[in-house]
Amino acid sequence: MSRQSISKLQERLLDWYGKHRRVMPWRAAKGKMPNPYHVWLSEIMLQQTTVVTVGPYFMKFIEKWPTVEALAKAKLDDVLTAWAGLGYYARARNLHKCAVIIAKEHGGKFPASVEALMELPGIGPYTAAAISSIAFNRSAVAVDGNVERVVSRFFAIQEPLPASKETLRMHAAKLAAGNGYPGDFTQAFMELGATVCTPRKPKCGMCPWQRACQALKQGIAEQLPRKTIKAKNPVRYGKVFWIQKKSKEFLIEKRTGKGLYEGLYQLPTTEWMQDNEMAKKLPHSYNRQLHFKQLSANVRHSFTHFDLVLEIWTAQPSKGFKANKGKFVSAEEIDTYALPTLMHKVVKLCLRAKTT
DNA sequence: TGTCCACGTCT
DNA sequence: AAGACGTGGAC
């Protein structure tokens with residue numbers, strides 16, 4: 001493609017963005033530079049998460065912690081509590097780590113270059129480019145899933161993802177080169193994918209690039225990008241324990257160990273195993289002290305890499321009951337703990353089941 | 001109901 | 001460097 005036709009495409013996209021850009025709490029008004037703290041916070045939250053879901057969380061965070069320094073001073077536990085429900089909790093742990101580094105080592109200012117941003121925890125190639133371009137108006141190409149989809153269709157790339165990632169990135173860079181408005185262009189590119197060049201039923205009639213789009217010309221827009229088929233998730237099984245006093249308080253504990261739900265709270269649970277027969281044989285926590293009854297309903301939850309089925313076992317603690325760890329809390333105060341959605345599902349079900 | 005999508009970073 | 005890492009919504 002000639003330099004001239006690329007310029008024309010850039011102009012059309014920027015025009016389209018000027019007319020159709022959505023209002024978002026972290027977005028600066030037209031012609032204004034955004035707050036880098038807001039850009040960073042929103043970009044971390046938006047990793048793997050939709051705009052609609054992120055909205056309320058973003059508002060809550062900037063009210064609680066109006067500056068990166070304020071966030072740096074917060075306790076990790078409070079950050080996790082505020083993050084609870086958003087998923088991918090490593091993002092929250094890295095968010096806090098990053099805030100501390102910005103406050104202590106960067107005088108509270110985010111660096112503007114992609115290279116410096118990449119040094120920070122939780123910031124990879126995509127987020128570094130997004131922050132550098134959106135917050136500082138530096139030219140950088142942020143390639144997210146939206147951009148990959150737009151580019152794969154525009155050039156009718158048949159090679160499936162994820163193998164095609166590098167090819168798509170290079171094509172994206174060509175389309176973005178020298179556009180003159182890095183911040184707007186980055187957002188316009190992604191916004192096009194999010195609102196027009198959608199995964200299903202793309203609105204090609206609305207697209208500023210429709211005349212040059214190869215996939216549209218070939219009538220295969222909806223089939224792209226192709227993806228290598230992934231294997232079905234394995235299922236894991238386990239049990240959770242609802243131990244509720246007459247006073248209605250129930251037992252929760254902080255999760256130990258690394259990885260999944262690290263640092264979050266949960267109801268006592270067995271480990272989660274592939275083999276259902278083995279899982280059924282796992283002993284109840286406190287089974288020498290308490291008499292458990294099984295609820296008829298199970299709780300199901302899907303993770304990225306496995307599906308989970310949990311049996312629910314309930315008991316009322318006897319007089320001298322002593323928990324190994326954890327504490328009894330009321331339904332009203334449960335939101336002051338970082339409880340993942342899975343555990344919220346169990347709590348909700350048990351509160352409704354009238355187990356005592 | 002199941003499947004796909006959001007597809008980014010870290011280890 | 002392939003797998004770990006959550007959750008919600010569309011269809």
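Chain letters run A, B, ... following the sequence lines, proteins first and then strands; every chain starts at 1. In this text, all values refer to a predicted model and were calculated from it rather than measured experimentally.
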Discussion item. For a quick check of understanding: with a heavy-atom distance under 4.0 Å over all strands, which category does A:Lys165 fall into, base, sugar-phosphate or nothing?
Written reply: base

Practice prompt. State, with a plain yes or no, whether a side-chain heavy atom of A:Leu175 is found less than 4.5 Å away from one of A:Val150.
Written response: no

Worksheet item: CZ/A:Phe292 to CZ/A:Phe241 distance, rounded to the nearest 0.5 angstrom?
Response: 5.5 Å

Discussion item. Requiring both pairing distances under 3.5 angstrom, list the stems that contain DNA chain B and are made of three or more consecutive Watson-Crick or G-U pairs.
Written reply: B:2-6 with C:7-11, B:8-11 with C:2-5

Worksheet item: What nucleic acid atoms does A:Phe303 come within less than 4.0 Å of, heavy atoms only: base, sugar-phosphate, or nothing?
Response: base

Discussion item. Over all strands shown, is A:Pro162 touching base, sugar-phosphate only, or nothing at heavy-atom distances under 4.0 angstrom?
Written reply: nothing

Worksheet item: Would you say the base of C:dG6 and the side-chain of A:Thr304 have a donor-acceptor pair closer than 3.5 Å?
Response: yes

Worksheet item: Is A:Gln47 touching bases, backbone alone, or none of the nucleic acid, heavy atoms closer than 4.0 Å?
Response: sugar-phosphate

Fill in: Axial cation check for A:Trp209 ring with A:Arg149, 6.0 Å and 45° limits
no

Discussion item. Could you tell me if the side chain of A:Ile44 sits less than 4.5 Å from the side chain of A:Tyr88, heavy atoms only?
Written reply: no

Worksheet item: Looking at A:Thr341, does any N or O in its side chain come under 4.0 Å of the phosphate oxygens OP1/OP2 on C:dT7?
Response: yes

Worksheet item: Can a side chain N or O of A:His301 be found less than 4.0 Å away from OP1 or OP2 on C:dG6?
Response: no

Discussion item. Counting only heavy atoms not in A:Met1 (residues, nucleotides, ligands), do more than 12 fall under 6.0 Å from its CE?
Written reply: yes

Discussion item. If the cut-off is 4.0 Å, is A:Lys345 near the phosphate of C:dG6, judged by side-chain N/O to OP1 or OP2?
Written reply: no

Worksheet item: Within the pair A:Tyr57 and C:dG6, is there a side-chain N or O less than 4.0 Å away from OP1 or OP2?
Response: no

Worksheet item: What are the residues of residues 77-92 of chain A, sorted by number, that bring a heavy atom to within less than 4.0 Å of DNA chain C?
Response: A:Gly85, A:Gly87, A:Tyr88, A:Tyr89

Worksheet item: Can you tell which of C:dG6, B:dC5, B:dG8 lies closest to the side chain of A:Tyr261?
Response: C:dG6

Practice prompt. Kindly confirm or rule out a cation-pi arrangement of A:Arg236 over A:Phe306, judged by NZ or CZ under 6.0 Å from the six-membered ring centre and within 45° of its axis?
Written response: yes

Discussion item. On the nucleotide B:dT9, are OP1 or OP2 found under 4.0 Å from the side-chain N or O atoms that A:Thr127 carries?
Written reply: yes

Worksheet entry | Under-4.0 Å side-chain N/O to phosphate OP1/OP2 contact, A:His305 with C:dG3 | no

Worksheet item: Would a hydrophobic clustering, with Ile, Leu, Val, Met, Phe, Trp and Tyr connected at side-chain separations under 4.5 Å, put A:Val68 with A:Val100?
Response: no

Discussion item. Check this for me: does any side-chain nitrogen of one of A:Glu191 and A:Arg22 sit under 4.0 Å from a carboxylate oxygen of the other?
Written reply: yes

